[in-house]
Amino acid sequence: MARGRLRIYLGAAPGVGKTYAMLEEGQRLASAGADVVVGFVEPHGRRPTAALAEGLEIIARRAMEYREASFTEMDLDGVLARRPQAALVDELAHTNVPGSRHAKRWQDVEELLDAGIDVVTTLNVQHLESLGDVVRQITGVAQRETLPDEVARRADQIELVDLPPELLRRRMLHGEIYPSDRIDAALTHYFRVGNLTALRELALLWLADRVEEGLQRYRAEHGITARWETRERIMVALTGGPEGETLIRRSARISARVPGSELLALHVVPGDGLTHGDPATLAAQRALVESLGGSYHQTTGDDIPEALLQFAEAENVTQIVLGASRRGRLSTFLRGGVGHRTIRRSGPIDVLVITHEHAAGSTSALRLPHPSRATGPRRFWTAMLLAAITLPGLTGLLVLLGEHVDLSLALVLYLLAVVVVALVGGLAPALVAALAAGLLADYYFTPPMHSLRVQHLADVTALVVYVVTAVIVGMAAGAAARSTYQAVRASSEARALSRLATAMMHGQDLPALLEQVREDFGLEAVSLLERDTGHAAEPRWYVVASTGEDPPERPYDADVDSPVGDDLTLAARGRPLSSDDQRVLGACAAQLGMAYSHGRLAAHDAETGLRAAAEHTRASLLLTASRDLRGPLRTADEALDGVGVGTDTRESRNLAIARSSVRRAVQLLSDLDELSRLHAGALDLYLRPVDLDELLTAVLDDLGPGGHMIQCSLPELLPDVIADAAVLTRVLTALAAEAQRHSLPDRPARLTGKTRSGHVEIHMTDGTNDAVQGAERGTHPSRTPDSLTLRMCRDLTETMEGTLETAAVGPGFAVTLTLPAAASRRPITPSAPSPTEDQ
């Protein structure tokens, strides 16, 4: 029996329409004549989704009891007995009730597929097992129901059901996803725009990888080796030289011009394991690549162009970026540059050669190798001293032997001396020794004696062959000595870096790591110093960690220092270090800097987690309290309205105060809800030109009758403001109510306006001027600038690209609301409020 086909509708979050799409597919299959049943569908109270299931045969669910509670699950045996062509099964990652045949619903689906039944199902990306930790970091919620990725990978079809975060939040706000009592919490936490955007990106990337896997599988099955440029992949080749940063940034700019392209960086290590790049430079370049969104890779190969092209073909690279050669003309002519050889073999892959400031110029000349580059200056001068002692001594000994020594014996002994010099000091001392030995053999052992003239042609040939042989043997011996020295040096460097990396992985603290560095380099004391960036004129340094006796406290107190970034440096006191040792010390300093940065990040993450948890708890408590208090306060307000007004003036005043206080508390709860929705991003704005005089009419109506007066004074010509009319009405009403509440009966609150630099400024005060003192105001308190109402008004104003500033006028209350002005000006119409309106 053929296995059934699995089709998955994948979504980034609940509510995107996966179940709806699954039912639409079921209706399409049924209309095409297929035998379709509904094995399990969970509409979650959404009437359009439930209506779409009408007309399809529904297999009754199986009732189950667990811990004295009733549950329903898909009747697997019922679906198998019915044997339809296709079954609709919702929520593939669902965990079945204990006691079911399988623990997970995807295992039920596997049994249906094995029975030859096609299955159409749904899945959210956060339920994929490989993404569980990523989803937890994004949303702060650990997913208990997960699905092995391999189950989804085996699906015959995966279709993404996608909605923009803003539209999904709007559906949530309209009650189309969760019940009303869960909307505020969902918008504030899980359904934040950032969370939904990140989950959407995860779903798109995961599905793109599955598409890429399918494409590669198709290419392999059909033997297709030619490149298919379905996605631009740009690879930059790094040597570890100083030009790498230029090449990376140039490649990143090329990649940025092509949407959907990838940036890769590759460093080829020679087959003997002796990397010629600076480890610290490579580490910095790797960090730069990753910060630009690329990936860093490393491979091994003796033929660098071949290694580059093999990697490029394996990764389906479309462009290779190389740096212009740093080698001289002669070296390039003898062997050919990496760029030239790569271009010749690249085939359809584009190769871009980028020039840089470190490229070899037209004046490059042939230069002898620097003595310190082979085996170090000490061994160079030791070899020169050995040649200066060995050659005269050997010559004197051969002269004493007299007639028993001929030219051939002398040349063999001289050749032995040259080889010894080459093994000690490398190529340059060997060349000097070979030429000197040839002159000595000519002078003392070639007729005529004690002359540089040569009498016989055979002697001339012997001397020439000797010099050539000595040079070749010296070059070989010098190369062997250089390779041996580099191998020992590389082994020591690798061992030191490996020990340090292992210690970091085991969680050793910074003092222990510094002690290991001190022992490896034989130093007296080592310190990791950090600069206080707050003192730019005279930098101050602080010791992060130190070890040894009298560790340096400033970089200029140290014998050796290795900077790690702009504000961190490794300072050491002790013996002087060679350039190679300083290079390795720089790599160790980079690792220590990363260890310190990771420690700080871990501490910051822990602190941030605690703050986030506290903020989450505080927000939840506030939302719960607002919901719980709203009902009692409304009941109290209604009860106070039912109380009759007596003849006692004091009781009437107290009753009025009680009503005002209750309504004030209700208003505060409304402000709290408004802030919660605002911070959750659930506030939809429609910014357009707003007529202020019409808006003020609505504000005065919202304030209602009673209370103190408010004076509205606007200039004769005033432009419209760019704002949301409903939100601005809410802000001005709240500010006017606060100004009235703190105004005196004989000094009404004032609202004035004026234009300034393309903006409209609206000033709201309680009518107090500088001459009014606190005694005149009696018991009226001064306004608290960070009150809930004022904070709500400020946040709402900022969403409309405006500002709200407070200013103390004596002990009174004054705010300035600034909004962008519309382009055109207009006269105040007769229907606008008069300069003075009574409430």
Side-chain angles (χ1 to χ4, degrees), residues 272 274 330-331 365-492 522 575-581:
D272 55 7
L274 303 177
L330 180 60
S331 176
L366 177 65
R367 293 177 293 177
L368 290 175
H370 194 275
S372 63
R373 292 181 183 173
T375 54
R378 179 178 297 180
R379 296 187 64 176
F380 172 82
W381 294 112
T382 300
M384 295 294 291
L385 180 61
L386 179 62
I389 296 175
T390 302
L391 294 180
L394 180 59
T395 302
L397 178 62
L398 295 176
V399 169
L400 290 178
L401 293 178
E403 59 184 13
H404 300 287
V405 177
D406 58 1
L407 178 60
S408 59
L409 177 60
L411 293 178
V412 170
L413 294 176
Y414 280 135
L415 183 60
L416 177 62
V418 171
V419 171
V420 172
V421 172
L423 291 175
V424 174
L427 176 60
L431 293 176
V432 175
L435 294 175
L439 294 175
L440 290 173
D442 182 18
Y443 189 83
Y444 286 102
F445 305 106
T446 305
M449 304 297 182
H450 306 297
S451 171
L452 294 180
R453 290 186 298 115
V454 181
Q455 187 173 3
H456 302 290
L457 181 60
D459 294 338
V460 173
T461 303
L463 287 172
V464 172
V465 170
Y466 159 74
V467 172
V468 173
T469 304
V471 169
I472 294 174
V473 172
M475 291 175 64
R482 182 168 61 251
S483 298
T484 303
Y485 172 79
Q486 289 179 345
V488 173
R489 178 77 192 180
S491 177
S492 300
R575 67 179 183 88
L577 300 180
S578 64
S579 59
D580 289 336
D581 287 340

CG-CD1 distance between L385 and I389, expressed to the nearest 0.5 angstrom:
4.0 Å

Not counting sequence neighbours, which residues clear side chain to side chain contact (heavy atoms under 4.5 Å, CB included) with L413? List them please.
L394, L398, L409

Taking side chain to side chain contact (heavy atoms under 4.5 Å, CB included) as the definition, give me every residue that meets it alongside T395, ordered by chain and number, with sequence neighbours left out.
V399, Y414, L440, Y444

List the atom of L391, the atom of A433, and the distance in Å for their closest heavy-atom pair.
CD1-O, 3.7 Å

Does any non-hydrogen side-chain atom of T390 lie less than 4.5 Å from one of V420?
no

How far apart are the closest heavy atoms of A441 and T446, and which atoms are they?
O-OG1, 3.1 Å

Give me each pair satisfying side chain to side chain donor-acceptor pair (under 3.5 Å) with a member in residues 428-439, each pair once, sequence neighbours excluded.
none

Any pair counted as side chain to side chain donor-acceptor pair (under 3.5 Å), so long as it reaches residues 419-432, sequence neighbours left out
none

